[in-house]
Undergrad: 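Shown below is the structure under consideration.
Both backbone and side-chain heavy atoms feed into the values below; hydrogens, waters and symmetry mates do not. Because the structure is a prediction, the values reported are computed rather than measured.
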Amino acid sequence: MKTIRTLKIALPLLVVIFLIGSSFTIAPLKWEHLGTRTVNYKLDRDVIKVTAKDGRFKKLKLKVTNGSLNMHRVVVQYGNGEKQVIAIKKNFAKGGTTRLIDLKGNKRIIRDITFFYDTKNLSRKRAKVHVFGKH
């Protein structure tokens, strides 16, 4: 008898807790393409402008296509004027990507991203660098 009474009380409570919990869904974080630059055959740098309308970002990722290059560093200029210098120092083959780069201060508005690289003519094709941000 006690078990049935406990079930009568507990079951509606469990249903309410389930309904409240299921109404809060966590939206998956998606990668947004912030820009692409085709690199030159030398030691150089390129800048990708990002606007505030693109939103705030937590992480960055770079992908290299078409050719290969040596990435030295990436400088992220935030909307408030602060900079974050990220040492990459990696030789990217065609199709290579960086590790996930955590942005300092979590969700930040990015003004621009500058990447420094050289190709040393390792590739017959000019590489393209694609930058992605995660909200």
Undergrad: Check whether V75 and M71 end up in the same hydrophobic cluster, where Ile, Leu, Val, Met, Phe, Trp and Tyr are linked by side-chain heavy atoms less than 4.5 Å apart.
TA: no
Undergrad: Less than 4.5 Å apart, side chain to side chain, heavy atoms only: is that true for F92 and T65?
TA: no
Undergrad: Measuring centre to centre across the rings, with the benzene-like ring taken for any Trp, is F57 within less than 6.0 Å of H135?
TA: yes
Undergrad: To the nearest 0.5 Å, what is the distance between CZ (R99) and CG (L60)?
TA: 10.5 Å
Undergrad: Quick check: closest heavy atoms across S68 and A93, and the distance to 0.1 Å?
TA: CB-CA, 4.0 Å
Undergrad: At what distance, to the nearest 0.5 angstrom, does CG of N70 lie from CZ of F116?
TA: 15.5 Å
Undergrad: Pair D46, V39 - check side-chain contact (heavy atoms from CB on, under 4.5 Å), show working.
TA: CA-CA 7 Å; D46 280 303; V39 303; 4.2 Å; yes
Undergrad: I'd like to check K58 versus K107 (side-chain heavy atoms, cut-off strictly below 4.5 Å). Are they in contact?
TA: yes
Undergrad: Considering all heavy atoms of both residues, which atom of A127 and which atom of L69 are nearest to each other, and what is their separation?
TA: CB-CD2, 3.8 Å
Undergrad: Ignoring hydrogens, what is the shortest heavy-atom contact between R73 and A87? Give both atom names and the distance.
TA: CB-CA, 4.2 Å
Undergrad: Any chance NZ of K90 has more than 12 other-residue heavy atoms, nucleotides or ligands included, within less than 6.0 Å?
TA: yes
Undergrad: Which atom names give the shortest non-hydrogen contact between D102 and Q84, and what distance separates them?
TA: O-NE2, 3.4 Å
Undergrad: Can you name the closest pair of heavy atoms from K94 and N66 and give their distance?
TA: CG-N, 3.8 Å
Undergrad: Atom CD1 in I110, atom NZ in K49: separation rounded to 0.5 Å?
TA: 13.0 Å
Undergrad: Can you name the closest pair of heavy atoms from R126 and Y41 and give their distance?
TA: N-OH, 3.2 Å
Undergrad: Do I109 and I113 belong to the same hydrophobic cluster, where Ile, Leu, Val, Met, Phe, Trp and Tyr are linked whenever their side-chain heavy atoms lie under 4.5 Å apart, directly or via other members?
TA: no
Undergrad: Atom NZ of residue position K83 - does it have more than 12 heavy atoms of other residues, nucleotides or ligands inside 6.0 Å?
TA: no
Undergrad: Do other residues, nucleotides or ligands put more than 12 heavy atoms under 6.0 Å from R108 CZ?
TA: yes
Undergrad: Atom CG of D112 and atom OG1 of T114: how far apart are they, to the nearest 0.5 Å?
TA: 4.5 Å
Undergrad: Ring-plane angle category for H33 and H130, please: parallel below 30°, perpendicular beyond 60°, tilted otherwise.
TA: tilted
Undergrad: Nearest 0.5 angstrom please: T98 OG1 to K63 NZ, how far?
TA: 11.5 Å
Undergrad: With a 4.5 Å heavy-atom cut-off, do V76 and I86 have their side chains touching?
TA: yes
Undergrad: Contact between T119 and N40 at the side-chain level, heavy atoms closer than 4.5 Å - yes or no?
TA: no
Undergrad: I'd like to check H72 versus D118 (side-chain heavy atoms, cut-off strictly below 4.5 Å). Are they in contact?
TA: yes
Undergrad: Below 4.5 Å, heavy atoms only, C-beta onward: do R37 and V131 meet side chain to side chain?
TA: no
Undergrad: Is there a side-chain contact between V74 and L62, using heavy atoms and a 4.5 Å cut-off?
TA: yes
Undergrad: Answer yes or no: is there a side-chain heavy-atom contact under 4.5 Å between Y117 and I88?
TA: no
